Amino acid sequence: MPSIRVAIIGLGNCASSLVQGVAHYGRTGSGRGLIHERIGGYGAGDVEFVLGVDVDARKVGLDIAEAIFAAPNNTKVFCADVPSTGAKVIKGVVLDGVADHMVTAGERGFIVSEEPEATKAQIVDALIATQADILVNFLPVGSQKATEFYMECALEAGVAVVNCIPVFIASDPIWEARFREKRLPIVGDDIKAQVGATIVHRALSSLFTVRGVTTERTYQLNTGGNTDFMNMLDRQRLSSKKESKTEAVQAALAQRLEDENILIGPSEYVPWQKDNKICFLRIEGSQWGDVPVNLELRLSVEDSPNAAACVMDAIRCAKVALERGECGALTAPSAYFCKHPPKQFPDETAMRMLDSYLADALRVAG
Ligand SMILES: O=P(O)(O)OC[C@H]1O[C@@H](O)[C@H](O)[C@@H](O)[C@@H]1O
């Protein structure tokens, strides 16, 4: 079975967890923590990283296997000896991918490399030369222009996309049509972590609904100490993230809540938390006799492995889709793995849709 050739845009914590995971599962073959052991015949160890793109001076020029451990990355190291990939990180474009306050923050933020920025032609050439199958977008939240730049590159180079961030591409009809025209698949948008704040909030909202309780008000407040949370201190970068997270929860409610009764979003940067994300969630409802019921939950997770688990499966789905000649936004994988898919489904429905999609892929793989 050939490998799945992946280009990564943004060598931050999520990329680190993903690359470490490929080395870990390739070595142990153990399924613990994998959502699906095999997809279309591909195991987690069958992913190969062929190109890395970043703008930070501490990462540009390094092998991907080294860059993932460079500062300011601070996620948990669960596989320290990642073998060299042979693929060097090249400098990409800054555009709006770097918030001003991340530059002035120094060591903990971005140190932009002084090397010249790549042109679109250079990125396209690199994608073609490395024979990348799939481009994974791990840019910081709020990178609208930078994401659009790399999407243009993927379209021109003929590369499928997994869009992990809340910039709307798979769920934007105009962008989605462009992937369809080029006969390329895309999974997106905005990864819904394995057991993260969004899926837990959706599951509990559905629980209220199926037990006949009316949800009246809810909030989800999140704190963390990674660059994702630091980046989001600039509230202007947050609007699509809030929209993505809020819509994901609204879609799981029996009745949409008025804006004033739902507040969901990243809330505070706590440096010492590093990649540990803590979610405080409250749902207030009315049950039998209009009597109130309140639920409070505190979820503590390592953010990036939580995302990487879903990205690993989304990558393999995109590869299967390429092989099957499918194009445009992949309905079941996007609904299952992402917060802002083109079409929302209840998570159990998305799981059943994905199961039948994967069973089909396996039949084709023989
Ligand atoms: O926990 P949630 O709500 O599923 O969101 C988690 C993910 O959201 C994505 O936008 C972040 O890039 C990931 O780092 C994060 O893991």
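Treat the numbers as computed from the prediction; the structure is a model and nothing was measured. We use all heavy atoms of the structure for the numbers below, so side chains are in, but hydrogens, waters and symmetry mates are not. Numbers here are sequence positions counted from 1.
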Residues forming a salt bridge (Lys or Arg N to Asp or Glu O under 4.0 Å) with Lys120, sequence neighbours excluded: Glu156
Salt bridge (Lys or Arg N to Asp or Glu O under 4.0 Å) against Glu181, all qualifying residues, sequence neighbours excluded: none
Any sub-3.5 Å donor-acceptor pair from [X]'s side-chain atoms to [Y]'s backbone N or O?
X      : Y      : result
Thr223 : Leu221 : no
Lys339 : Ile191 : yes
Gln131 : Val50  : no
Asp46  : Gly43  : yes
Ser171 : Pro341 : no
Arg316 : His36  : yes
Thr227 : Met230 : no
Thr246 : Glu243 : no
Tyr150 : Val93  : yes
Glu152 : Phe149 : no

Within a strict 4.5 Å, meaning less than it, do heavy atoms of the [X] and [Y] side chains meet?
X      : Y      : value
Asn276 : Glu302 : yes
Thr331 : Pro342 : no
Ile264 : Lys242 : no
Tyr336 : Met353 : no
Cys317 : Leu354 : yes
Phe179 : Ile169 : yes
Ile8   : Asp54  : no
Cys310 : Ile35  : yes

Restricting to side-chain contact (heavy atoms from CB on, under 4.5 Å), what partner residues turn up for [X], sequence neighbours left out?
X      : value
Asp228 : Val141, Asn226, Met232, Lys241, Asp303
Arg183 : Cys327
Arg298 : Ile278, Phe280, Ser300
Asn261 : Arg217, Leu257, Glu258

Criterion side chain to side chain contact (heavy atoms under 4.5 Å, CB included) on Ser244 and Asp189, from CA distance to verdict: CA-CA 8 Å; Ser244 176; Asp189 299 311; over 6 Å; no
Partners passing side chain to side chain donor-acceptor pair (under 3.5 Å) against Arg180 (at least two apart in sequence or in another chain): Glu176
Side chain to side chain donor-acceptor pair (under 3.5 Å) partners of Ser356, counting only residues at least two apart: none
Give the cluster check for [X] versus [Y]: same hydrophobic cluster or not, with ILVMFWY residues linked at side-chain heavy-atom distances below 4.5 Å.
X      : Y      : value
Tyr357 : Phe337 : yes
Val19  : Leu51  : yes
Met102 : Ile165 : no
Val55  : Val89  : no
Val167 : Val98  : no

Asn294 atom CG, over 12 foreign heavy atoms within 6.0 Å: yes
Over 12 non-hydrogen atoms of neighbours within 6.0 angstrom of CZ in Arg282: yes
Criterion side chain to side chain contact (heavy atoms under 4.5 Å, CB included) on Phe69 and Val82, from CA distance to verdict: CA-CA 10 Å; Phe69 297 119; Val82 174; 3.9 Å; yes
Whether the [X] and [Y] side chains hold a donor-acceptor pair (N or O, under 3.5 Å, no angle test) is what I'd like checked.
X      : Y      : result
His201 : Thr218 : yes
Gln20  : Ser16  : yes
Asp275 : Ser304 : yes

Short N-O contact, Asp96 and Lys145, less than 4.0 angstrom: no
N-O pairing of Arg202 and Glu348 below 4.0 Å: no
Heavy-atom pair of closest approach, residues Pro305 and Ser17: N-OG, 3.2 Å
Donor-acceptor pairs under 3.5 angstrom involving side-chain atoms of residues 109-118: please list them, not counting sequence neighbours.
{"unit_1": "Ser113", "atom_1": "OG", "unit_2": "Glu115", "atom_2": "N", "d": "3.1"}
{"unit_1": "Glu117", "atom_1": "OE2", "unit_2": "Val94", "atom_2": "N", "d": "3.1"}

CA sep, side-chain torsions, deciding dist, call: Cys153, Val124, side chain to side chain contact (heavy atoms under 4.5 Å, CB included): CA-CA 5 Å; Cys153 295; Val124 171; 4.0 Å; yes
Interatomic distance, [X] atom [atom1] to [Y] atom [atom2] [nearest 0.5 angstrom]:
X      : Y      : atom1 : atom2 : value
Asn231 : Leu238 : CG    : CG    : 8.0 Å
Leu139 : Ile9   : CG    : CD1   : 7.0 Å
Lys319 : Arg5   : NZ    : CZ    : 9.0 Å
Ser240 : Glu247 : OG    : CD    : 12.5 Å
Leu95  : Ser143 : CG    : OG    : 9.0 Å
Tyr25  : Arg32  : OH    : CZ    : 9.0 Å

ILVMFWY cluster membership beyond Val293 - transitive side-chain contacts under 4.5 angstrom: Val195, Ile199, Val200, Leu204, Leu207, Phe208, Val213, Leu281, Ile283, Leu295, Leu297, Leu299, Val301
Salt bridge (charged side-chain N to carboxylate O under 4.0 Å, His left out): pairs with one or both residues in residues 58-82, sequence neighbours excluded: Arg27-Asp81, Asp56-Arg58
Sequence neighbours excluded - salt bridge (charged side-chain N to carboxylate O under 4.0 Å, His left out) pairs with any residue from residues 10-21: none
CA sep, side-chain torsions, deciding dist, call: Met312, Val22, side chain to side chain contact (heavy atoms under 4.5 Å, CB included): CA-CA 8 Å; Met312 165 52 71; Val22 170; 3.5 Å; yes
